[in-house]
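A quick write-up on the structure given underneath.
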Amino acid sequence: MRLAGKVALITGGARGQGAAEARLFAREGAGVVIADVREEEGRQVEAEIAEAGGRAIFVTLDVSSDEDWQRAISATLQQFGRLDILVNNAAILRIEDIEETTEELWQRVMDVNTLGVLLGTQYAAVEMRKVGGGSIVNISSISAMTASPLAAAYHASKGAIRSFSKVAAVQYAGENIRVNSIHPGGIDTLMLTETYDEANRVEALKNIPMGRMGTSEEMAYCVLFFASDDSTYVTGAEFVIDGGILAH
């Protein structure tokens with residue numbers, strides 16, 4: 001029960017890493033807000049948590065919409081009365097190279113991957129201040145630390161999250177609001193399988209020293225550490241979970 005008495009809002013919580021985080025947080029005692037544009041899948045996660053005895057609600061949230069954020073925060077406070085944890089997990093992945101990246105594509109990736117983090121941080125900080133502090137966990141990527149010939153907008157957006165997390169950590173440190181970033185790589189999620197075909201995924205495995213993809217559950221336990229009081233003196237940190245990709 002490492003999150004007993006706390007309330008967490010998880011963007012992109014309807015599937016993949018976000019859903020795994022929602023289930024784990026609920027088991028650890030948190031009230032969980034599953035925020036996503038995918039209502040059917042989000043409602044299913046909500047029902048699973050309730051069936052297991054946990055506390056959760058689903059809210060529709062387009063992270064690039066200020067109005068949606070206002071509604072999500074309002075629903076959180078109405079249901080649970082506070083907000084202690086924000087996990088900025090929602091993201092989209094496009095694999096166009098630089099010359100294939102249109103202005104429209106670039107803006108869409110930035111709206112979801114970076115504007116969503118800004119808006120979430122702004123609204124969460126206001127509520128965390130009221131309860132004496134909190135934890136914001138931003139899901140970046142090893143794409144913020146390395147490069148490939150594809151996914152120009154995605155790489156840029158994740159690099160922005162890495163830098164923004166440090167700025168936010170410094171700004172809010174005096175208010176006991178911690179901000180950290182996590183940098184996954186090679187995690188077996190639907191976003192990955194929907195974007196890359198089987199041949200590309202097999203090729204990618206050759207670059208992972210551990211020889212396998214990570215799981216959403218393995219990611220969730222890392223997020224739990226930063227969300228919980230186990231990391232009360234950790235802010236502005238970045239944690240890589242990639243099976244050793246960046247180590248070689």
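Just so it is clear, the model here is predicted, and its values are computed rather than measured.
- Judged by distance alone, the side chain of Asp68 and the main-chain N or O of Asp62 form a donor-acceptor pair under 3.5 Å.
- A donor-acceptor pair under 3.5 Å is absent between the side-chain atoms of Asn88 and the main chain of Ile136, judged by distance alone.
- Considering all non-hydrogen atoms of both residues, Ala90 and Gly12 come closest at CB-N, 3.7 Å.
- Between Ala125 and Ile177, the shortest heavy-atom contact is O-CD1, 3.8 Å.
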*Does the pair Leu9 and Ile73 meet the rule for a side-chain contact (heavy atoms from CB on, under 4.5 Å), with working shown?*
CA-CA 9 Å; Leu9 190 156; Ile73 294 296; 4.2 Å; yes
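- With hydrogens and angles disregarded, no donor-acceptor distance shorter than 3.5 Å links the side chain of Asp84 to the backbone of Met128.
- With hydrogens and angles disregarded, no donor-acceptor distance shorter than 3.5 Å links the side chain of Asp188 to the backbone of Met213.
- Residues Asn180 and Phe239 are not in side-chain contact: their nearest non-hydrogen atoms beyond the backbone lie 4.5 Å or more apart.
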*Verify side-chain contact (heavy atoms from CB on, under 4.5 Å) between Ser228 and Glu28, making sure each step is shown before the conclusion.*
CA-CA 10 Å; Ser228 75; Glu28 292 288 340; over 6 Å; no
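- Side-chain contact between Val87 and Thr11: absent, with no pair of heavy atoms (C-beta onward) separated by less than 4.5 Å.
- Counting all heavy atoms, side chain and backbone alike, Ser135 lies closest to Ala227 at OG-CA, 3.6 Å.
- Using a 4.5 Å cut-off on side-chain heavy atoms (C-beta onward), Val7 and Val32 make no contact.
- With hydrophobic clusters built from ILVMFWY side chains whose heavy atoms lie under 4.5 angstrom apart, Trp106 does not share a cluster with Val117.
- Under the rule for a side chain to side chain donor-acceptor pair (under 3.5 Å), the partners of Glu218 that lie at least two apart in sequence or sit in another chain are Arg212, Thr215.
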*Go through the steps for Ile49 and Ile34 under the test side-chain contact (heavy atoms from CB on, under 4.5 Å), then give the verdict.*
CA-CA 10 Å; Ile49 290 173; Ile34 303 156; 4.1 Å; yes
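- Remark: Leu105 engages Arg94, Glu96, Thr101, Thr102, Val109, Ala153 in a side chain to side chain contact (heavy atoms under 4.5 Å, CB included) (not counting sequence neighbours).
- Side chain of Ser157 to backbone of Tyr154: a donor-acceptor contact under 3.5 angstrom is found.
- For Glu67, the side chain to side chain contact (heavy atoms under 4.5 Å, CB included) test picks out Ser65, Arg71, with sequence neighbours left out.
- The line from CG of Leu224 to CD of Glu217 is 13.0 Å long, rounded to the nearest 0.5 Å.
- Residues satisfying the side chain to side chain donor-acceptor pair (under 3.5 Å) test with Thr121, not counting sequence neighbours, are none.
- In this structure, the separation between CG on Leu93 and NZ on Lys158 is 9.0 Å, given to the nearest 0.5 Å.
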Less than 3.5 Å apart, which donor and acceptor atoms pair up between the side chains of residues 54-61 and the rest of the protein, not counting sequence neighbours?
unit_1, atom_1, unit_2, atom_2, d
Arg55, NH2, Gly29, O, 3.2

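- With hydrogens and angles left out, the side-chain atoms of His183 and Ser181 include a donor and acceptor closer than 3.5 Å.
- Of all heavy-atom pairs spanning Thr235 and Arg178, the tightest one is OG1-CA, 3.4 Å.
- With a 4.5 Å cut-off on side-chain heavy atoms, Tyr172 and Arg129 count as touching.
- Placement of Leu115 and Val37 in two distinct hydrophobic clusters is found when ILVMFWY residues are connected by side-chain heavy-atom separations under 4.5 Å, directly or transitively.
- In terms of heavy atoms, Gly243 sits closest to Pro209 at O-CD, 3.4 Å.
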Run the side-chain donor-acceptor check on residues 17-26: report pairs under 3.5 Å with partners two or more places apart or on a different chain.
unit_1, atom_1, unit_2, atom_2, d
Arg23, NE, Glu48, OE1, 2.8
Arg23, NH2, Glu48, OE1, 3.0

*Would Met219 and Ile241 count as a side-chain contact (heavy atoms from CB on, under 4.5 Å) if you check the C-alpha gap in whole Å, the side-chain angles of each, and the deciding distance to 0.1 Å?*
CA-CA 7 Å; Met219 265 292 300; Ile241 175 169; 3.3 Å; yes
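- Checking each of Val112, Asp36, Asn89 against Val63 for a side-chain contact (heavy atoms from CB on, under 4.5 Å) leaves exactly one that passes, namely Val112.
- The nearest pair of heavy atoms linking Leu86 to Ala124 is CD2-CB, 3.7 Å.
- With sequence neighbours left out, the side chain to side chain donor-acceptor pair (under 3.5 Å) criterion links Ser165 to Asn138.
- By the side chain to side chain contact (heavy atoms under 4.5 Å, CB included) test, Asp66 pairs with Gln70, Leu119, Tyr123, sequence neighbours left out.
- Within the 4.5 Å cutoff, side-chain heavy atoms of Lys6 are placed close to those of Asp229.
- Of the possible donor and acceptor atoms, one in the side chain of Ser231 sits under 3.5 Å from a partner among the backbone N and O of Phe225.
- Val179 and Leu118 fall within the same hydrophobic cluster, where Ile, Leu, Val, Met, Phe, Trp and Tyr residues are linked whenever their side-chain heavy atoms come under 4.5 Å apart, directly or through other members.
- With hydrophobic clusters built from ILVMFWY side chains whose heavy atoms lie under 4.5 angstrom apart, Ile139 does not share a cluster with Met110.
- Between Ile182 and Phe226, the closest side-chain pair of non-hydrogen atoms falls below 4.5 Å.
- The side chain to side chain contact (heavy atoms under 4.5 Å, CB included) test applied to Asp242 returns Ile142, Val240, Ile245, Leu246, not counting sequence neighbours.
- Taken to the nearest 0.5 Å, the CE atom of Met145 stands 13.0 Å off from the NE2 atom of His155.
- Cluster annotation: Val170 and Val137 are assigned to distinct hydrophobic clusters (Ile/Leu/Val/Met/Phe/Trp/Tyr, side-chain heavy-atom contacts under 4.5 Å, transitive).
- The list of salt bridge (charged side-chain N to carboxylate O under 4.0 Å, His left out) pairs with a residue in residues 138-147, not counting sequence neighbours, is empty.
- Partners of Arg162 by side chain to side chain donor-acceptor pair (under 3.5 Å), not counting sequence neighbours, listed by chain and number: Glu238.
- In this structure, Glu127 and Leu77 have side chains that are in contact, with non-hydrogen atoms separated by less than 4.5 Å.
- Residue pairs meeting the salt bridge (charged side-chain N to carboxylate O under 4.0 Å, His left out) criterion with at least one member in residues 98-126, sequence neighbours excluded, do not occur.
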